[in-house]
Chemist: 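Attaching a single structure in structure tokens format; questions to follow.
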Amino acid sequence: MKNFAFVISAATLVLGISGCSQLDQSITDCDNLREEIVELSEEDRQSRGYALIKIREPKTLSKSNNKISCSGSAIWSDGDKTSISYESYIDQDGDRMIEYEVN
């Protein structure tokens, strides 16, 4: 069973984000954020041996100008299926961060 959390500055995935006080319109939706979460898990594939393939049934848990929290069903490259929580937010330095946690 998978049980981990992963956090990364989205600035490493998307250039020109730092210094924001609000989330970009393109990622203020749980549907749009799924692709970045899949890319984030792919970066850690070699150390874990598997990666996230897709997130189904995305649901918005909460949303504000500087944070969106989501949940869904995760499909993994090793065939496992889990619940997943993921979010994007602006940290205290003004950088956009993304993270996910397998439930």
Side-chain angles (χ1 to χ4, degrees):
M1 170 157 260
K2 295 169 178 56
N3 188 13
F4 55 85
F6 196 79
V7 181
I8 192 168
S9 168
T12 62
L13 298 174
V14 181
L15 299 176
I17 299 291
S18 64
C20 298
S21 61
Q22 283 187 280
L23 290 176
D24 184 285
Q25 288 295 335
S26 65
I27 52 82
T28 58
D29 173 297
C30 291
D31 257 348
N32 295 337
L33 187 54
R34 292 185 299 177
E35 190 172 311
E36 283 188 88
I37 298 299
V38 169
E39 288 176 17
L40 179 60
S41 93
E42 187 63 42
E43 291 180 7
D44 205 32
R45 178 193 285 260
Q46 191 165 2
S47 65
R48 279 198 308 255
Y50 55 86
L52 185 58
I53 296 174
K54 70 170 34 177
I55 299 172
R56 290 188 177 148
E57 303 170 6
K59 293 184 177 86
T60 302
L61 300 176
S62 66
K63 185 176 178 179
S64 69
N65 285 340
N66 61 359
K67 182 176 182 177
I68 185 167
S69 298
C70 311
S71 68
S73 300
I75 309 298
W76 298 90
S77 61
D78 64 356
D80 202 7
K81 296 176 184 171
T82 65
S83 295
I84 190 168
S85 300
Y86 56 103
E87 62 184 23
S88 180
Y89 59 93
I90 305 299
D91 73 4
Q92 64 189 20
D93 298 321
D95 296 324
R96 187 168 72 88
M97 308 292 282
I98 59 174
E99 66 182 49
Y100 69 90
E101 183 175 352
V102 177
N103 306 328

Chemist: Hey, what do you get for OG (Ser71) to OH (Tyr86), rounding to the nearest 0.5 Å?
Modeler: 7.0 Å
Chemist: Can you measure from CZ (Arg56) to OG (Ser73) and round to the nearest 0.5 angstrom?
Modeler: 8.5 Å
Chemist: Where do Val38 and Lys54 come nearest, in terms of heavy atoms and distance?
Modeler: CG2-CA, 4.1 Å
Chemist: Do Trp76 and Val102 make a side-chain contact, defined as non-hydrogen atoms from C-beta onward lying under 4.5 Å apart?
Modeler: yes
Chemist: Okay, side chain of Asp91, backbone of Asp93: is any donor-acceptor separation there less than 3.5 Å?
Modeler: yes
Chemist: Looking at Ser88 and Ile68, would you say the former's side chain and the latter's main chain have a donor-acceptor pair under 3.5 Å?
Modeler: no
Chemist: Let me know which of Lys67, Glu99, Arg96 forms a side-chain hydrogen bond (donor to acceptor under 3.5 Å, both in side chains) with Tyr89.
Modeler: Glu99
Chemist: Write down the atom of Ile53, the atom of Ser77, and the distance for their closest heavy-atom approach.
Modeler: CD1-CA, 3.4 Å
Chemist: Between Asp80 and Tyr50, is any pair of side-chain heavy atoms under 4.5 Å apart?
Modeler: no
Chemist: Are Ile37 and Arg34 side-chain neighbours, meaning at least one heavy-atom pair lies under 4.5 Å?
Modeler: no
Chemist: Answer yes or no: is there a donor N or O on one side and an acceptor on the other, between the side chain of Arg45 and the main chain of Ala51, under 3.5 Å?
Modeler: no
Chemist: For Gly72 and Ile55, work out which heavy atoms get closest and say how close.
Modeler: CA-CG2, 4.1 Å
Chemist: For the CG atom of Leu33 and the CD atom of Glu87, what is their distance to the nearest 0.5 Å?
Modeler: 9.5 Å
Chemist: I'd like to know whether CD of Glu35 has more than 12 heavy-atom contacts from other residues, nucleotides or ligands below 6.0 angstrom.
Modeler: no
Chemist: Would you say the side chain of Ser41 lies within less than 4.5 Å of the side chain of Arg48, judging by non-hydrogen atoms?
Modeler: yes
Chemist: Roughly how far, to the nearest 0.5 Å, is the CG atom of Leu61 from the SG atom of Cys70?
Modeler: 6.5 Å
Chemist: Could you grab the distance from atom OH of Tyr100 to atom CG of Leu52, nearest 0.5 Å is fine?
Modeler: 7.0 Å
